[in-house]
Number of protein chains: 2
Amino acid sequence: MKELDIGKVARWSGLPASTLRYYEEKGLIHSIGRNGLKRVFAESVLQRLSLIALGRTAGFSLDAIAEMLAAEGGPAIDREQLERKAEQLDHTIRRLSAIRDGLRHAALCPADNHLSCPTFQRLMSMASKQMGRKRSAAPERA
Amino acid sequence: MKELDIGKVARWSGLPASTLRYYEEKGLIHSIGRNGLKRVFAESVLQRLSLIALGRTAGFSLDAIAEMLAAEGGPAIDREQLERKAEQLDHTIRRLSAIRDGLRHAALCPADNHLSCPTFQRLMSMASKQMGRKRSAAPERA
DNA sequence: GCTTGACCTCAAGTCGACTTTAACTGGCAG
DNA sequence: CTGCCAGTTAAAGTCGACTTGAGGTCAAGC
């Protein structure tokens, strides 16, 4: 099993060492031991970091990601929760798609005020569909 | 032209008044005047707030949104920039889609460790494709 | 005339996610 | 032995996006 010091992990993951320490402190990753003072990581930490980066991209908080990663190894994954998150993501994707189309349209449409362009408006209203954002979606700190 | 006080804007937009004041301070919205001390908003501020919410969903910072909104009314929209943003969003969407599929697969797949499941791995590697930190899109942030 | 409620300002506080700083350790090169 | 380099810690600082708090204004209602 290949062992990496923090510098290698940093270089390969693209994350600064400080972030790796921070993630370890938060329990998102674990070092497999020490060599003197120095942390030693298993190669597999890179995959875990990928998953974390992915989760961040998807908009999850570090805490939410920690939960999911914990569930992942654990005795029972909450399949229902995963499906809920998948569905949430699905909504997000649809909204982002509408926004993307909106931007693209804005880049082409000659109307000088997009707010009054019907195509733009249609896309935006498609994207909106509920705009009071209170904590309700991603983490469900349960 | 209908005029709204901050309370109505708050109720209709779902945002607290403090946020509306903050947005005004940042130049994202404007009140059309004052009634005594009290801000008076045009009804159109609601649409603007929708766009702002949309932008937030798409992962843009308030500053970036302010820029885009400024460009919107201005003399020339940077079409190239819009197209770039659209393309960025497109990548994000693809990655989110892979993540969604990954989650959904994880919810169904009987393997007890998804990290070793080839289907899961394929989806995740599809989602990754570059993992340097750079925030992009968030679902209803938690 | 006094209270209540919705609004105001300005300053300070909070939260998440890091980054920076200062002081220290331990290995290896010259 | 001396320096340097990569690593270590704990604590403080930063940044974006708000929220909260203290203290004030004003119209309406009892």
Side-chain angles (χ1 to χ4, degrees), chain A residues 3-41 45 49 52-69 131-141, chain B residues 3-41 45 49 52-67 69 131-142:
Chain A
E3 303 190 338
L4 311 174
D5 64 13
I6 206 175
K8 283 198 172 73
V9 177
R11 274 187 297 282
W12 290 115
S13 69
L15 297 167
S18 63
T19 300
L20 297 174
R21 290 193 203 98
Y22 175 69
Y23 280 4
E24 190 186 23
E25 192 177 284
K26 286 229 109 186
L28 277 93
I29 59 177
H30 305 285
S31 47
I32 195 77
R34 294 284 177 129
N35 175 7
L37 289 178
K38 308 185 175 187
R39 285 166 183 79
V40 178
F41 292 98
V45 82
L49 286 170
I52 293 169
L54 236 40
R56 299 283 298 117
T57 300
F60 297 115
S61 70
L62 293 184
D63 286 357
I65 293 169
E67 264 180 57
M68 294 197 277
L69 289 179
M131 75 182 242
R133 54 147 229 14
K134 245 330 192 209
R135 51 210 78 262
S136 68
E140 330 224 359
R141 45 205 61 240
Chain B
E3 303 190 340
L4 311 173
D5 65 13
I6 206 175
K8 282 197 172 74
V9 177
R11 273 188 297 282
W12 295 17
S13 69
L15 297 168
S18 63
T19 300
L20 298 174
R21 289 192 205 99
Y22 175 69
Y23 279 5
E24 190 186 23
E25 192 176 286
K26 286 228 106 184
L28 277 94
I29 59 177
H30 305 286
S31 45
I32 194 80
R34 294 284 176 129
N35 175 8
L37 289 177
K38 308 186 174 184
R39 284 166 183 80
V40 177
F41 291 100
V45 80
L49 286 170
I52 293 169
L54 236 40
R56 300 281 300 114
T57 300
F60 297 115
S61 71
L62 294 184
D63 286 358
I65 293 171
E67 265 179 57
L69 289 179
M131 73 184 245
R133 27 97 265 129
K134 180 61 177 153
R135 221 90 295 130
S136 50
E140 320 277 312
R141 290 146 317 147

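Atom CG of A/Leu37 and atom P of D/dT9 are 7 Å apart (whole Å). Atom P of nucleotide C/dC18 and atom CG of A/Leu49 are separated by 11 Å, given to the nearest angstrom. Computed from coordinates, the A/Asn35 CG to D/dT8 C1' distance equals 13 Å when rounded to whole Å. Residue A/Lys8 contributes atom NZ, which lies 14 Å from atom C1' of D/dC5 at whole-angstrom precision. Rounded to an integer number of Å, the gap from B/Leu20 CG to D/dT19 C1' is 13 Å. Taking atom NZ of residue A/Lys26 and atom C1' of nucleotide C/dG16, one finds them 7 Å apart after rounding to whole Å. What separates CG of B/Asp5 from C1' of C/dA6 is a distance of 8 Å, to the nearest Å. Summarising the geometry, the separation between CG on A/Leu62 and C1' on C/dC15 is reported as 12 Å, rounded to the nearest angstrom.
Once rounded to the nearest 0.5 Å, the distance linking CD of B/Glu24 with NE2 of B/His30 reads 8.0 Å. One finds the CG atom of B/Leu15 at 12.5 Å from the CZ atom of B/Arg21 (value rounded to the nearest 0.5 Å). Once rounded to the nearest 0.5 Å, the distance linking CG of A/Leu62 with CD1 of A/Ile52 reads 8.0 Å. In this structure, CD1 on B/Ile32 lies 11.0 Å from CG on B/Leu4, to the nearest 0.5 angstrom.
At the phosphate of D/dC18, OP1 or OP2 sits under 4.0 Å from a side-chain N or O atom of B/Tyr23. The shortest distance between the side-chain N/O atoms of B/Thr19 and the OP1/OP2 oxygens of D/dA17 is not below 4.0 Å. The side chain of A/Arg56 contributes no N or O atom lying less than 4.0 Å from OP1 or OP2 of C/dG16. Between A/Arg11 and D/dA6, a side-chain N or O to OP1/OP2 separation shorter than 4.0 Å is absent.
The nucleotide whose nearest atom lies closest to any side-chain atom of B/Ser18 is, among D/dT8, D/dC18, D/dT20, D/dT20. Residue A/Arg21 places its side chain closer to D/dT8 than to any other of D/dT8, C/dT19, D/dA17. Candidate nucleotides C/dT9, D/dA17, D/dT8 were compared by shortest atom distance to the side chain of A/Ile6, and D/dT8 ranks first. Distance from the side chain of A/Ser61 is smallest to C/dA17 among D/dG7, C/dA17, C/dC7. Here the nucleotide nearest the side chain of B/Lys38, chosen from D/dT8, C/dC18, C/dC7, is C/dC7. Comparing C/dA17, D/dA17, D/dT19 by their nearest atom to the side chain of B/Pro16 picks out D/dT19.
Nearest approach of A/Asp63 to A/Lys26, heavy atoms of both residues: OD1-NZ, 3.0 Å.
Comparing B/Asp63 and B/Gly36 by the nucleotide of DNA chain D whose heavy atom lies nearest to each, the residue mapping closer to the 5' end is B/Asp63. Positionally, the nearest nucleotide of DNA chain D for A/Val40 lies more toward the 5' end than for the other of B/Tyr22 and A/Val40.
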